[in-house]
Amino acid sequence: MKPVTITTLTSMKQAGEKITCLTAYDYSFAHLLDSAGIDTIIVGDSVGMVCQGHETTLPVTLSDMVYHTRCVASGCQRTLIVADMPFLSYEVSPEQTFTNAGRLMKEGCAHVVKIEGGRTMAGTVRFLTERGIPVCGHLGLTPQSVHQLGGFRVQGRDNAAAERLRNDAHDLQEAGASILVLEAIPSELAKDVSAELTIPTIGIGAGPDCDGQVLVLQDMLGIYPRRSPKFSKNFMEGNGSIQAAVEAFIAAVREREFPGPEHSF
Ligand code: KIV
């Protein structure tokens, strides 16, 4: 079984093959996703909302992320594992970020770390990538900035905001980022950014033209007790088991059936 690497994802982008991605936070679900053939797992700081019951991702600690990433890694043989750097673990200095990212890789066994933010984080992304730590960027609705954004809102709607996001994407790529998550932005903007960049984009609420798609596992299984976002879809509907729902998600992304216009902006 050939492991999925960053090179695999870049080749998939070049070949026009869609990348499949879901979040996971523990051994059993990670094993199920890995066995179903998912390409990438993001150990998201969404753990704070869907596992810990917080209203936002802000309370999640680096120790939480190391612990959950290690649990996920125990369940995976093939999948590329991306671990979120939680709020306040990467903003203070590139040096501190390097130490914290190192823990996610050394103790958590992550392959890639994910950082929210654009131009302001480019120096830090360069510091990490020049020292051997692969980075996934995250633009658009960046949940750690929820209070600054005034809620979980669609981003990049007007021309100025779209231009800023586009520049941020290029800055992250130039700084060495290997993957870029685009969350809750208009489909047309995500389409343009995905076409302009050489690194793969993974969309969540960013329309059908990203190079891959990700959903939060609890949203796509319809088990999150609070409101799931409009861009999510409950794949348990019409499928008799969790395994069947995950397989249906993978097939729908690969066959470009998900996301539809009703999940996009
Ligand atoms: O925290 C998270 O789960 C994420 C993904 C949805 C991209 O950032």
Side-chain angles (χ1 to χ4, degrees), residues 9-23 38-42 44 46 82 84 114 116-118 136-143 145-146 149-173 177-222 224 227-235 237 245-246 248-265:
L9 301 190
T10 310
S11 304
M12 289 175 77
K13 174 178 177 116
Q14 284 161 359
E17 287 168 35
K18 293 286 182 190
I19 297 161
T20 58
C21 181
L22 285 169
T23 67
I38 201 92
D39 299 309
T40 309
I41 289 176
I42 294 180
S46 49
V82 179
D84 251 335
K114 180 160 81 60
E116 295 184 7
C136 173
H138 186 153
L139 293 175
L141 169 51
T142 44
S145 306
V146 61
L149 299 175
F152 294 101
R153 296 163 180 270
V154 181
Q155 302 297 308
R157 279 206 195 263
D158 63 54
N159 288 346
E163 198 48 31
R164 262 198 312 278
L165 189 141
R166 212 193 210 108
N167 290 334
D168 281 343
H170 283 277
D171 287 348
L172 291 173
Q173 175 171 274
S178 308
I179 313 171
L180 179 61
V181 167
L182 295 173
E183 178 162 354
I185 62 171
S187 305
E188 278 307 306
L189 176 59
K191 182 179 179 180
D192 290 347
V193 171
S194 303
E196 287 168 19
L197 297 188
T198 54
I199 60 171
T201 60
I202 300 189
I204 174 162
D209 297 305
C210 294
D211 302 307
Q213 297 292 333
V214 58
L215 285 179
V216 170
L217 186 65
Q218 278 75 354
D219 286 336
M220 65 80 71
L221 295 178
Y224 183 52
R227 202 160 62 92
S228 286
K230 157 193 154 117
F231 55 69
S232 197
K233 176 177 171 180
N234 180 355
F235 280 89
E237 279 169 12
V246 168
F249 168 78
I250 292 173
V253 171
R254 287 193 181 144
E255 286 153 29
R256 295 155 200 263
E257 287 163 4
F258 177 82
E262 68 277 29
H263 310 114
S264 306
F265 304 101

TODO: Find out whether T142 and L149 are in side-chain contact, i.e. whether some heavy atom of one side chain is under 4.5 Å from a heavy atom of the other.
DONE: yes
TODO: Identify the heavy atoms of L141 and G151 that sit nearest to each other, and give their distance.
DONE: CD1-O, 4.3 Å
TODO: Output the distance between atom OG1 (T198) and atom CD (Q14), rounded to the nearest 0.5 Å.
DONE: 8.5 Å
Open item on the list: With side-chain contact (heavy atoms from CB on, under 4.5 Å) as the criterion, how do L215 and L22 come out once you've worked through the C-alpha distance, each side chain's angles and the decisive distance to 0.1 Å?
Closed with: CA-CA 5 Å; L215 285 179; L22 285 169; 4.0 Å; yes
- [ ] Give a yes or no on whether D158 atom CG has more than 12 heavy-atom contacts from other residues, nucleotides or ligands under 6.0 Å away.
- [x] yes
Open item on the list: Angle between ring planes, F258 versus H263, binned at 30° and 60°: parallel, tilted or perpendicular?
Closed with: tilted
Open item on the list: Please find the pair of heavy atoms, one from G137 and one from A177, that lie closest to each other, and give the distance.
Closed with: N-CB, 4.5 Å
Task: Side-chain donor/acceptor of T23 to backbone N/O of I42, under 3.5 Å - done: no
Open item on the list: I need the Q218 CD to S228 OG distance, nearest 0.5 Å.
Closed with: 9.5 Å
Task: Sub-4.5 Å side-chain heavy-atom contact between I202 and C210 - done: no
Open item on the list: Side chains of L172 and L139, heavy atoms from C-beta outward: is any pair under 4.5 Å?
Closed with: yes
TODO: Output the distance between atom CD1 (I179) and atom CG (D211), rounded to the nearest 0.5 Å.
DONE: 11.0 Å
Task: Least distance between heavy atoms, G207 atom then S187 atom - done: CA-OG, 3.4 Å
- [ ] Evaluate side-chain contact (heavy atoms from CB on, under 4.5 Å) for Q213 paired with K18, printing each intermediate quantity in order.
- [x] CA-CA 8 Å; Q213 297 292 333; K18 293 286 182 190; 5.6 Å; no
- [ ] Give, for atom OG1 of T201 and atom CD1 of I185, the distance between the pair rounded to the nearest 0.5 Å.
- [x] 8.5 Å
TODO: Show your reasoning for whether side-chain contact (heavy atoms from CB on, under 4.5 Å) applies to F249 and I38.
DONE: CA-CA 9 Å; F249 168 78; I38 201 92; 4.1 Å; yes
Open item on the list: Could you tell me if the side chain of V216 sits less than 4.5 Å from the side chain of Y224, heavy atoms only?
Closed with: no
Task: D39 vs R254 side-chain heavy atoms within contact, under 4.5 Å - done: yes
Task: Any side-chain heavy-atom pair of S46 and P143 under 4.5 Å - done: no
- [ ] Without swapping roles, check the side chain of K13 against the backbone of I199 for a donor-acceptor pair under 3.5 Å.
- [x] yes
Task: Separation between CZ of R157 and CZ of F265, rounded to the nearest 0.5 Å - done: 7.0 Å
Task: D84 CG to C136 SG distance, which is reported to the nearest 0.5 Å - done: 8.0 Å
- [ ] Indicate yes or no for a side-chain donor-acceptor contact from R153 to the backbone of G150 under 3.5 Å, with no hydrogens or angles considered.
- [x] yes
Task: Contact summary for A206 and G203, nearest pair of heavy atoms - done: CB-CA, 4.1 Å
- [ ] Using a 4.5 Å cut-off on heavy atoms from C-beta on, say whether the side chain of L9 contacts that of M12.
- [x] yes
TODO: Determine the sole option in L197, D168, V193, L180 for which the side-chain contact (heavy atoms from CB on, under 4.5 Å) test with Q173 is passed.
DONE: L197
